[in-house]
There are 2 protein chains.
Amino acid sequence: MKRKKQSRVTLQQVAEHAGVSRATASLIVRNSPHISEATRKKVLESMRELGYVYDRVAANLRSQRSSTVGLIITDIANTFFSELLIGVHQTLEEEGYTVLLGTTFDSDTKQNHLLSTMLEHRVGGVILCPVSETSKETIDRINQLDIPIVLAVRELPGANCDYVSVDYKVGAEMAVSHLIQKGHRRIAFLGGRSESSTWKERAQGYYDALHQAGLEVDSSLVVDGPPTREGGVAAVQQVLNHPDPPTAIFCFSDLVAFGVMQELRNTGLIPGQDMAIVGFDNVPEAETVTPSLTTVSSFPRLIGKHAAGLLHERIANFDHEQQRVILQPELAIRNSSQQVVGK
Amino acid sequence: MKRKKQSRVTLQQVAEHAGVSRATASLIVRNSPHISEATRKKVLESMRELGYVYDRVAANLRSQRSSTVGLIITDIANTFFSELLIGVHQTLEEEGYTVLLGTTFDSDTKQNHLLSTMLEHRVGGVILCPVSETSKETIDRINQLDIPIVLAVRELPGANCDYVSVDYKVGAEMAVSHLIQKGHRRIAFLGGRSESSTWKERAQGYYDALHQAGLEVDSSLVVDGPPTREGGVAAVQQVLNHPDPPTAIFCFSDLVAFGVMQELRNTGLIPGQDMAIVGFDNVPEAETVTPSLTTVSSFPRLIGKHAAGLLHERIANFDHEQQRVILQPELAIRNSSQQVVGK
DNA sequence: CTGAAAGCGCTTACAG
DNA sequence: CTGAAAGCGCTTACAG
């Protein structure tokens, strides 16, 4: 059975069918109040009968508006980002936006490509979780087009945009101070890209906590790498071969922590008992893994909500002054860090 | 510093700047081969200088094409769906599509709303992971508009669409047969919405495996519920109060299994030792949880790839005959089911 | 409320 | 390759 591709029903056809002008029909789809109830009903009925579907794309083209927004993240397989996405979606869909999603997998090329595509699609704004080596030109390009952009999660030096994130430095400080309080003196910091602002801020918190306790930083206990399970596995291997190995590990993220715990088991060590572990993010899995993971809550869904809110404001008022929202993290203490060190 | 919203550079302006006609400029942005190298270079240079951004929306409107595709899933926080999303994205972005993402959280209202919005945005097609109680009207509506649609993960009775999924029945059979082989005679089936095709198929596999082993089905060991961690917690509570409790649990999904394991621990039972557990999906966490979870691999990323492939074909050739892709699952045997029952 | 006209930024088709 | 014209489906502005 061959089916002919029927063309879309237009507002013109609806108007004819209902016996009104196209202008009137247009007012009705846009919910104008200056229409008598009788006409409105008649036209809505015609739409239903003809199976009319509003063409938002044509409308946006004519009125120079946009009802889409781009969201670019680095890794959707990371629960942190799927939570952030939920926050963005919830807020933006309420406001009537549709979200174009792109995942960069931390590739700058991919990021540029995605941004171009989104701009070509006339997005009204972009929420960007930038890749580590994002160039300032990337942001400049968007600013020049006067497309509102909100950075989330990672800051870009010199970028002139709204920014929303969590205070990673304070989070790292909380985590490391907690370990120190449990008696640990040799604490490693594993995983994460050392180029990224998110890593640098955590590193700063890590240093600060050590200094406050009068401990020296041993840079051989700081090993960066991909912020993934595999990255955790690789990083912990390096540290375990250390002549004077650590007794506790502060991990860049929960994902890294899971890799670390897995690899510890592989080498016969029991995480939480032979080695204290603290993660970062507080993903749902952190609660259910064994031992349950002490970690820093970074509230990704809330980050998403705030980013969406800022973007919405910025779209409404482009010249609004630049805003920064920095959420305060919280330490969730669980079993992976409870053992007190007794020498 | 007030900035005036500058309007978009148009192809017309580019043409004028380069001293060619608008038609020629249009041919160049569309990579037509009938253009001399010199002209092409000149025009591309003008584009760069003026900061031209191709307006794909206007182009699509004129040419009656679409470069977007809708993807509707039920829960992005579920790794199964984020993996599926990755598969869809990878395939579709290669083909030049941009993905509009929507999450229904299993609400029919939300699903209808998302579909409407996507149709209004002129999507070229839709990949739908339908909510459990999707009405046939929902699909009819899309079919009437001649918008290609591919169903993924859940089948809808009577829906006249391409479909891609995993053979859940066979997967469930593998899981339950494995438990029977380990000596279990009382095996519960926990979690999942009993209205959904994905549940029914698993249930069928569960029944079949029991029958093949000459075991009777005890319907009090079958407890449905939300396909989430919380659902697992709730379901296992019911079964633990059973006068003749099971020795093994086949869970609707890994997520349910994690909830089950968590709750077992809460009640003082050791998962994998006091109670054998098998999950479904094989999410990354299944490997790292303790005990590591025996589970059925359902290859969500591959499902996504196939769904995207089918949609792409269907867009290219609307009258192509209806296709079904059913992937074969695999059992990943780990520690949560290794204990042999000795009475 | 209506009607006729113009225009958003592009593509298409056609005569040169 | 060019140029002028028409049109995708809508909104806008304006005279009635």
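Proteins come first, then strands; the chains are lettered A, B, ... in the order of their sequence lines, and each starts at number 1.
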I'd like to know if the side chain of [X] pairs up with that of [Y] as donor and acceptor (distance under 3.5 Å, no hydrogens or angles considered).
X        : Y        : value
A/Thr79  : A/Ser82  : no
B/Ser165 : B/Glu155 : no
B/Ser116 : B/Arg141 : yes

Listed nucleotide nearest any side-chain atom of [X], set [options]:
X       : options                : answer
B/Ser21 : C/dC8, D/dT2, D/dT11   : D/dT2
B/Ser26 : D/dC10, C/dG9, C/dT11  : C/dT11
B/Gln64 : C/dG7, D/dC8, C/dG9    : D/dC8
B/Asp55 : C/dG3, D/dC10, C/dG9   : C/dG9
B/Ser63 : C/dT12, D/dT12, C/dC10 : C/dT12
B/Val20 : D/dT2, D/dC8, D/dC10   : D/dT2
B/Ala23 : C/dT2, C/dA13, D/dC10  : C/dA13

Short side-chain to backbone donor-acceptor contact, B/Lys305 and B/Thr91, under 3.5 Å: no

Main-chain N/O of A/Glu321 paired to A/Arg314 side chain as donor or acceptor, under 3.5 Å: yes

Starting from [atom2] on [N], measure out to [atom1] on [X] and report it in whole angstrom.
X       : N     : atom1 : atom2 : value
B/Tyr54 : C/dG9 : OH    : C1'   : 10 Å
B/Leu27 : D/dT2 : CG    : C1'   : 10 Å
A/Gln12 : C/dA4 : CD    : P     : 10 Å

Dot-bracket notation for DNA chain D, counting Watson-Crick and G-U pairs under 3.5 Å, with | for partners on another strand: |||.||||||||.|||

5' priority, DNA chain C, between A/Arg22 and A/Ala25 [closest heavy atom]: A/Ala25

Residue whose closest nucleotide on DNA chain C lies nearer the 5' end, B/Arg62 versus A/Lys42: A/Lys42

Touch class at under 4.0 angstrom, heavy-atom based, for A/Arg40 against every strand present: nothing

Member of A/Thr103, A/Thr74, A/Thr134, A/Thr104 meeting the side-chain hydrogen bond (donor to acceptor under 3.5 Å, both in side chains) criterion with A/Gln111: A/Thr134

SB check B/Glu45 B/Lys42 (cutoff 4.0 Å): no

